[in-house]
There are 2 protein chains.
Amino acid sequence: MATRPMYEVIRADLVEQITTGALSSETRLPSEKELAEQYSVSRMTVRQALDALERDRLVVRRRGSGTFVAPQRVRSRRLNRLGPFRDDVAGNVDAVTTIELRREVLKPPSDIAKVLGLGASDEAVQLVRLRTVDDTPAAVQDSWIPCAVAPGLVRSNLIDGSLYRTLAERCGVAVSWADQEITASPATKELARWLDVRVNAPLIEAHRTTHDEAGRTVEYACSWTRPEFPFVVRLDA
Amino acid sequence: MATRPMYEVIRADLVEQITTGALSSETRLPSEKELAEQYSVSRMTVRQALDALERDRLVVRRRGSGTFVAPQRVRSRRLNRLGPFRDDVAGNVDAVTTIELRREVLKPPSDIAKVLGLGASDEAVQLVRLRTVDDTPAAVQDSWIPCAVAPGLVRSNLIDGSLYRTLAERCGVAVSWADQEITASPATKELARWLDVRVNAPLIEAHRTTHDEAGRTVEYACSWTRPEFPFVVRLDA
DNA sequence: GAGTGGTCTAGACCACATG
DNA sequence: ATGTGGTCTAGACCACTCA
């Protein structure tokens with residue numbers, strides 16, 4: 001049986017009530033004690049669910065007072081997510097396409113080899129893609145994946161254009177998190193042609209190091225994104 | 001007495017052991033049961049500490065196997081932090097200075113008023129600062145803070161050039177988190193002069209909405225940063 | 001003073017990894 | 001078979017908020 005932990009069930013239940021508006025902004029949730037009774041679990045289990053909601057900013061806890069649904073403008077899908085390119089684009093878009101510009105196996109330049117933790121003779125797959133959103137070219141992504149991580153990748157068709165889905169479903173590699181450096185750079189002649197902008201037009205340049213659950217580096221990627229498609233991140237104190 | 005919770009004590013203790021190398025990369029930590037005995041607490045308390053370390057990627061847990069110190073390259077100070085500008089700059093720099101370009105009270109433009117949740121007649125403090133790092137101009141920050149949030153701000157000298165420290169220590173406002181949109185834009189003539197770059201040179205443009213613990217919006221800020229000072233963020237699956 | 005969330009206990013059973 | 005982390009219990013005391 002696909003028995004999820006109770007705190008996940010409670011969490012999902014509360015998320016639904018909040019997003020559908022059954023529990024509206026600023027209203028108080030039942031107390032932890034009451035929720036424990038409602039779901040027939042102990043209070044510690046309820047707290048596991050509420051901890052997750054608090055981390056996602058769906059609720060605000062006030063000691064001595066209660067747990068409240070966060071203000072409307074403050075709630076949103078979880079941010080800082082590593083996911084399919086489609087999810088990186090702010091707002092809802094349906095028409096995301098992928099054009100593969102290049103895929104081959106080669107020895108990466110030494111700086112990239114170092115980031116990937118590869119020896120001098122280890123090879124990697126280079127995958128360059130152009131992503132478009134609603135027929136507008138949005139980003140060029142240049143990814144390097146060690147062959148040792150995903151041996152079959154160079155021969156796999158990308159599922160839905162998504163590298164991460166392909167790694168997960170065809171190569172058994174689950175990407176888990178990444179560090180990303182974001183800066184700005186002028187479009188080169190080549191990028192300008194792909195992205196349909198003028199040479200030297202400002203682009204969002206990002207360098208990403210992607211890891212699996214154990215901390216192994218599974219990808220290094222550079223991307224250049226048109227400024228109409230900003231990156232959204234959440235920061236904590 | 002400044003009695004911190006035990007899980008904070010344990011967490012700080014383990015962080016120290018990891019960062020000093022007393023517990024080196026890839027080594028196994030004592031099991032949760034052993035840690036509970038060492039610190040004379042229950043296992044649930046140990047788990048609260050380990051949960052935090054796992055969130056910060058300092059350790060990796062493997063069910064059935066143990067909890068391990070994360071690989072070296074994967075550890076770093078916590079990212080996605082909202083903090084003094086000094087902390088936003090990658091690497092260690094000492095010489096951060098602040099030049100105040102403008103500070104005044106006025107009715108914000110309607111789009112900013114909307115973000116701040118202000119009515120048509122509510123006023124805000126506009127604060128424009130130039131930040132330099134090691135004598136290099138690094139960023140221009142244009143912040144708007146509702147007068148209702150920080151009535152005394154317009155007359156307060158900034159503590160150490162830091163708006164957030166000033167809000168905390170002089171106005172009793174603790175900023176807690178922010179959403180930030182990051183894109184790229186060409187330097188205007190004015191920005192080019194302040195940041196010592198050519199007109200139309202690419203800059204990192206960010207729009208930040210800052211909140212306190214209760215979710216109240218306490219600041220809206222736009223910033224333009226030279227590309228030598230990239231933003232670093234961490235993403236999760 | 002009554003109710004809330006924050007911390008903590010001393011157990012328990014389970015799924016999973018390893019020898 | 002043993003030990004690990006994942007989940008959960010049924011309590012407890014505390015600090016805090018609010019009526």
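Throughout, protein chains are lettered first and strands after them, A, B, ... in sequence-line order, and every chain is numbered starting at 1. What you see is a predicted model, and the numbers here were worked out from it, not measured in a lab. Heavy atoms only: backbone and side chains are in, while hydrogens, waters and symmetry mates are out.
Here C:dG3 presents its C1' atom at 13 Å from CD of A:Glu37, a figure rounded to the nearest Å. Rounding to whole angstrom units, CZ of residue A:Arg4 and P of D:dT7 are separated by 12 Å. Following rounding to the nearest Å, B:Arg28 (CZ) and C:dA17 (C1') show an atom-to-atom distance of 12 Å. Regarding A:Lys33, its NZ atom lies at a distance of 18 Å from the C1' atom of C:dT7, rounded to whole Å. Atom pair A:Phe68:CZ and C:dT4:P shows a separation of 11 Å (rounding to whole Å applied). Here the P atom of nucleotide C:dG6 and the CG atom of A:Leu50 are 9 Å apart, to the nearest Å. For A:Glu213 and D:dG5, the CD to C1' distance is 15 Å, given to the nearest whole Å. The CG-P distance, from B:Leu35 to D:dT4, rounds to 11 Å in whole Å.
For the pair B:Tyr7 and C:dT7, the criterion of a side-chain N or O lying under 4.0 Å from OP1 or OP2 is met. Under 4.0 angstrom from either OP1 or OP2 of D:dT17 there lies no side-chain N or O belonging to A:Ser65. Residue B:Thr67 places at least one side-chain N or O closer than 4.0 Å to OP1 or OP2 of D:dG5. Distances shown here put every side-chain N or O of B:Arg63 at or beyond 4.0 Å from the OP1 or OP2 atom of C:dC14. The shortest distance between the side-chain N/O atoms of A:Ser31 and the OP1/OP2 oxygens of C:dT4 is below 4.0 Å.
Looking at heavy-atom distances under 4.0 Å, B:Arg62 makes contact with sugar-phosphate atoms alone, never a base.
The side chain of A:Arg47 sits closest to C:dG5 out of C:dG5, D:dG6, C:dT9. For A:Met44, the side-chain atoms get nearest to C:dC8 when compared with the rest of C:dC8, D:dT7, C:dG6. For B:Met6, whose side chain is taken as the heavy atoms from C-beta onward, the closest listed nucleotide among C:dC8, C:dT9, D:dC8 is C:dC8. For B:Thr45, taking side-chain heavy atoms from C-beta onward, the closest of the listed nucleotides C:dC8, D:dT9, D:dT7 is C:dC8. Each of D:dC13, D:dA10, D:dG6 was ranked by its minimum atom distance to the side chain of A:Arg43; first place goes to D:dC13. Which of C:dG5, C:dC8, C:dC16 sits closest to the side chain of A:Arg61 comes down to C:dG5.
Checking side-chain atoms of A:Glu8 against main-chain N and O of A:Pro5 turns up no donor-acceptor pair under 3.5 Å. Side chain of B:Arg129 to main chain of B:Gly161: a donor-acceptor pair is present (N/O by atom type, distance under 3.5 Å, no hydrogens or angles).
Residues B:Val175 and B:Leu163 have side chains not in contact (no heavy-atom distance under 4.5 Å, counting atoms from C-beta outward).
With 3.5 Å as the limit, one finds a donor-acceptor pair spanning the side chains of B:Arg75 and B:Ser25.
Between A:Glu8 and B:Glu32, it is B:Glu32 whose nearest contact on DNA chain D lies nearer the 5' terminus.
A:Asp51 has a carboxylate O that lies under 4.0 Å from a charged side-chain N of A:Arg61, or vice versa, which qualifies the two as a salt bridge. A salt bridge is defined here as a Lys NZ or Arg NE, NH1 or NH2 lying under 4.0 Å from an Asp or Glu carboxylate O, and B:Arg57 with A:Asp179 fails to meet this definition.
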